[in-house]
*Asks:* 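Before I ask anything, here is the structure I am working with.
The first residue of the sequence shown is numbered 1, and numbering continues consecutively from there.
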Amino acid sequence: MTGAESVLSGPRPEVGVTAGRLRGVLEAGVAVFRGISFAEPPVGALRFAAPRPARGWSGVREALAYGPPPPQGGHFGMEALAQDAAGDDWLTVNVWSPQPDPGAGMPVLVWIQGGAYVIGTSGLPEYDGGRLARDGGVVVVTFNYRVGVEGFAQIEGAPANRGLLDQVAALEWVRDNIRGFGGDPDRVTVFGESAGGGSVAALLAMDRAAGLFRRAVAQSVPGTFFSPELAADIGAACAAELGLRPTVADLAAVAPGRLSAAADAVGATLDQRAGRWGRPAHRSILFSPVVDGEVLAATPWQALAEGAGRGIDLMVGHTRDEQRLFTAISGLLGEVGEEQAAHALQLFAPGPDGERRYRDAFPAAGPDELYELVHSDWLFRMPSLRLAEAQTAGGGRAFVYELTWPAPGMGGAFGACHGLDVPLVFGNLDRGQPALLVGEQPSPEAEELSALMRSAWTSFAAHGDPGWPVHDSGQRLVQCFDSRSAITAYPEERSRRIWQDHTFAALPLNGPE
C-alpha cells in the first residue's frame with residue numbers, strides 16, 4: 001500500500017495512505033476524510049513526548065468522524081467539549097478534496113487553528129473545509145495539536161513546544177500522503193489565525209519544518225514568544241496548583257482534565273502575577289511558543305530577518321479592530337475611561353515616551369480608541385506587520401493585507417474585530433461562533449467579500465500571487481478587504497512615528513514579585 005493510491009467506490013471515496021486504507025464520504029461533491037491518526041495518542045508512556053507516527057492497520061478504516069479534541073482550557077465551553085469526547089486519539093487530520101486522484105496535483109492548504117495556545121480543535125464547524133476546497137480547487141487539511149499544559153508548558157524531561165512538534169508531524173503526514181487525495185506535496189501552504197498565525201510564524205523559523213511547505217499565510221500573528229525562564233516559571237506555578245513539581249515524573253500520571261483545570265486556576269490569578277510575568281499576564285496569556293534554542297532557536301522576526309524564509313512566499317495581515325472582541329469579552333466595550341487608557345499606553349506603548357507619541361499620533365482619539373489601538377498594536381497588528389518587514393529584510397517575498405470590513409452581526413458593535421477573517425476565508429458564514437459576527441442572514445456584501453478573500457487565499461496557494469503587489473519597506477502597500485477592496489499605503493503617515501519602535505523578542509521573566 002502506498003500513500004498515493006486512491007479510488008472512488010460508488011458514493012464512498014477510498015484512499016490509501018502509508019498506514020492503511022481509508023473510506024470517507026462525499027459531501028456536496030467534495031470527498032471528505034475525518035479523524036485520520038497522524039501520530040500515536042500522546043498518553044501513557046508517550047505523555048509529554050514528541051509525537052510518534054501512527055501505527056498501521058489492516059482492512060479499510062472508516063474516516064467519517066473528527067478525532068477527539070485534545071485537553072482544553074476552560075474558555076467558551078471548550079473544556080466540556082473535550083471531557084465529553086471519547087478516546088485519547090487527539091492527533092488526527094481531516095482532508096477535503098474535490099478530486100481525490102493521485103494525478104490531480106492540486107494546491108494544498110493546511111489550516112492551524114487559533115485559541116491562545118490553550119484551546120482549539122479542528123472539528124469546530126467554522127473550520128469545515130468543504131466550500132474552500134470546492135470553490136478554490138484546492139485540497140484543504142485541518143488537524144489537532146496539543147494545547148495548554150500538554151502542548152506548551154515547560155516541563156522538565158519533556159521537549160519544549162510539543163504543540164509545534166505536533167504541527168511538524170502533521171505536515172510530515174501531508175508530505176507523505178497528500179498525493180493520494182489529489183494534492184501536490186510540492187505546493188503546500190500553511191495558514192492559520194491568532195495562535196495559529198503565531199504557529200505559522202514559528203514554523204517559518206524552525207529547522208524541523210524546512211521543506212514541508214512552500215507558502216505561508218499568517219493571520220493576526222500574536223507577538224508573544226516566551227523565554228525559557230518565563231515559561232519554566234509559569235509551568236512551575238501550574239504544577240504547584242496540584243502540589244507537584246513541573247516534571248514528567250510528577251505530571252505524567254495526572255488526568256489531563258485536572259492539569260487543564262490547574263492551568264485555568266493559575267490563569268485566574270494573572271493580575272496578581274503581572275509584576276513577575278509582565279505584559280503577558282496583563283493580557284491573560286499563559287502559554288506561548290518558547291524560544292528554547294532547540295525546537296525554536298529564535299523568534300520568527302529574528303529568523304526571517306536572517307533569511308530563514310527566503311525561499312517561502314509569505315502573506316500576512318490583521319483586522320483593523322483586533323482588540324474590540326477582547327474589550328467586549330472583558331465588559332469594557334464603550335466603558336474605557338481615561339485612567340484605563342493611560343495605564344494601557346504606559347504598559348504597551350514602546351519606549352519611555354510611548355504614551356505621548358501615541359497621543360500625538362492620534363490627537364482626536366478618545367480613551368476607548370487609544371485603549372484599543374495600543375492593545376491591538378502590541379498583540380497583533382505590529383507583530384504581523386513587522387513579520388512582513390523581517391521577511392523582506394531577509395530577502396523573501398511578503399504580501400500584506402488588512403481586513404477593514406465592519407461586521408454587521410451583533411448590532412455591528414464589533415467592527416472588523418479579531419477572528420472575523422475566519423468565516424470569510426473558509427466561506428462558513430452561517431455556522432460556528434465566528435459567524436455570529438457576520439449576522440444571522442449573511443448579506444450579499446458578506447458573500448462577495450468572502451468570495452474575494454477565498455480567491456486571494458487559493459490563488460496565493462496555487463501561484464504565490466494573491467492579487468496585489470509585493471510588500472516593500474518603502475511604500476508598505478497593503479490590500480484592504482472591505483465592501484470596496486483597495487490597495488493603499490500602510491500605516492498612515494501620522495503613525496509612522498511609532499512603527500519602528502515596536503520590536504519583538506522572547507519575553508523575559510521579570511524576577512521576584
Side-chain angles (χ1 to χ4, degrees), residues 75-76 113-116 119 126 193-198 218-224 279-280 282-285 316-345 347-349 358-359 361-362 364-385 400-425 429 432-440 442-443 445-446 449-450 453 478 480-483 490-492 495 498 502:
H75 307 275
F76 306 108
Q113 68 268 358
I119 59 173
E126 53 262 41
E193 183 266 348
S194 196
Q219 303 170 210
S220 299
V221 178
T224 53
R279 291 171 170 176
H282 286 287
R283 283 305 311 251
S284 299
I285 296 169
V316 61
H318 60 87
T319 70
R320 182 190 60 200
D321 308 311
E322 291 279 7
Q323 173 62 24
R324 189 78 53 82
L325 175 69
F326 305 100
T327 304
I329 290 173
S330 65
L332 289 176
L333 194 59
E335 302 295 331
V336 176
E338 178 57 42
E339 184 177 345
Q340 289 163 309
H343 183 60
L345 289 165
L347 280 173
F348 298 109
Y358 260 86
R359 293 184 184 278
F362 304 98
D368 276 298
E369 185 178 356
L370 286 168
Y371 181 89
E372 291 198 358
L373 278 168
V374 73
H375 273 291
S376 294
D377 278 356
W378 181 78
L379 188 53
F380 294 115
R381 181 160 43 222
M382 291 306 174
S384 300
L385 296 172
V400 178
Y401 74 88
E402 181 182 20
L403 176 58
T404 58
W405 181 65
M410 304 176 74
F414 288 78
C417 71
H418 187 72
L420 176 61
D421 48 329
V422 173
L424 293 169
V425 168
L429 305 181
Q433 288 186 336
L436 296 174
L437 299 168
V438 178
E440 292 184 10
S443 65
E445 183 178 271
L449 180 58
S450 175
M453 294 183 72
V478 60
C480 289
F481 286 108
D482 205 328
S483 55
Y490 186 90
E492 298 177 10
S495 63
I498 56 178
H502 280 275

*Asks:* Using 0.5 Å steps for rounding, measure from the CD atom of E402 to the OG1 atom of T319.
*Replies:*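 That separation rounds to 8.0 Å.
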
*Asks:* S220 pairs by side chain to side chain donor-acceptor pair (under 3.5 Å) with which of E322, H318, E193?
*Replies:*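 The passing option is E322.
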
*Asks:* Under a 3.5 Å cutoff, is there a donor and acceptor pairing between the side chains of T327 and Q323?
*Replies:*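 Q323 and T327 do have a side-chain donor-acceptor pair below 3.5 Å.
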
*Asks:* Does some side-chain heavy atom of V374 sit less than 4.5 Å from a side-chain heavy atom of F362?
*Replies:*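 With C-beta onward as the side chain, the pair stays apart.
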
*Asks:* For the aromatic rings, using the six-membered ring if either is Trp, is the centroid distance between F380 and H418 under 6.0 Å?
*Replies:*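 Yes, ring centres under 6.0 Å apart.
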
*Asks:* Using side chain to side chain donor-acceptor pair (under 3.5 Å) as the criterion, list what pairs up with E335, not counting sequence neighbours.
*Replies:*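 So E335 forms no side chain to side chain donor-acceptor pair (under 3.5 Å) with any residue.
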
*Asks:* Mind listing the closest non-hydrogen atom pair of F414 and A328 along with its distance?
*Replies:*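 Looking at all heavy atoms of both residues, the closest pair is CE2-CB, 3.5 Å.
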
*Asks:* Under the criterion side-chain contact (heavy atoms from CB on, under 4.5 Å), I'd like the reasoning laid out for L429 against S450: C-alpha separation, chi angles, the key distance, then a yes or no.
*Replies:* CA-CA 8 Å; L429 305 181; S450 175; 4.2 Å; yes

*Asks:* Could you go step by step and tell me if L332 and Y371 meet the side-chain contact (heavy atoms from CB on, under 4.5 Å) rule?
*Replies:* CA-CA 10 Å; L332 289 176; Y371 181 89; 3.6 Å; yes

*Asks:* Apply ring pair (Phe, Tyr, Trp, His ring centres under 6.0 Å) to F326 and H375, showing your working.
*Replies:* CA-CA 10 Å; F326 305 100; H375 273 291; 9.2 Å; no

*Asks:* Under the side chain to side chain donor-acceptor pair (under 3.5 Å) test, which residues partner Q340, sequence neighbours left out?
*Replies:*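 Here no residue qualifies.
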
*Asks:* Restricting to non-hydrogen atoms, name the atom on A341 and the atom on P367 that form the minimum distance, rounded to 0.1 Å.
*Replies:*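 Reported closest heavy-atom pair: CB-O, 3.6 Å.
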
*Asks:* Tell me the closest heavy-atom pair linking P423 and P434, and the distance in Å.
*Replies:*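 Closest approach of P423 to P434: CD-CB, 3.6 Å.
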
*Asks:* Tell me, do P406 and D482 make a side-chain contact under 4.5 Å, heavy atoms counted?
*Replies:*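 Yes, side chains in contact.
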
*Asks:* Could you check whether any side-chain heavy atom of M453 comes within less than 4.5 Å of a side-chain heavy atom of L403, counting everything from C-beta outward?
*Replies:*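 Side chain of M453 against side chain of L403, heavy atoms only: contact under 4.5 Å found.
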
*Asks:* Which atom names give the shortest non-hydrogen contact between L420 and A407, and what distance separates them?
*Replies:*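 Heavy-atom minimum between the residues: CD1-CB, 3.8 Å.
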
*Asks:* So which heavy atom on G198 is nearest to which on P222, and how close?
*Replies:*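 Taking G198 first and P222 second, the nearest heavy atoms are N-CD, 3.6 Å.
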
*Asks:* Mind checking side chain to side chain donor-acceptor pair (under 3.5 Å) for W405 and listing every partner two or more places apart, or none if nothing turns up?
*Replies:*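 Result, side chain to side chain donor-acceptor pair (under 3.5 Å) vs W405: E445.
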
*Asks:* With rounding to the nearest 0.5 Å, note down the distance linking CG in L345 to CG in L373.
*Replies:*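 So the CG of L345 and the CG of L373 are separated by 9.0 Å.
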
*Asks:* Apply the test side-chain contact (heavy atoms from CB on, under 4.5 Å) to residues I285 and L379: give CA-CA distance (whole Å), side-chain angles for both, the deciding distance (0.1 Å), then the verdict.
*Replies:* CA-CA 10 Å; I285 296 169; L379 188 53; 3.8 Å; yes

*Asks:* I'd like to know if the side chain of S376 reaches the main chain of D321, judged simply by a donor and an acceptor atom lying under 3.5 Å from each other, with no hydrogens or angles considered.
*Replies:*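 Not confirmed, S376 side chain does not pair with D321 backbone.
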
*Asks:* Does the Lys NZ or Arg CZ of R320 fall within the cation-pi geometry relative to F481 - under 6.0 Å from the ring centre and within 45° of the axis?
*Replies:*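 No, R320 does not lie over the aromatic ring of F481.
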
*Asks:* Provide the closest heavy-atom pair for A446 versus L424 in the form atom of the first, atom of the second, distance.
*Replies:*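 Closest heavy-atom pair between A446 and L424: O-CD2, 4.0 Å.
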
*Asks:* Show your reasoning for whether side-chain contact (heavy atoms from CB on, under 4.5 Å) applies to C417 and L437.
*Replies:* CA-CA 9 Å; C417 71; L437 299 168; 3.7 Å; yes

*Asks:* In terms of side-chain geometry, is the basic nitrogen of E338 or R359 positioned less than 4.0 Å from the acidic oxygen of its partner?
*Replies:*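 Result for this pair is yes, salt bridge flagged.
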
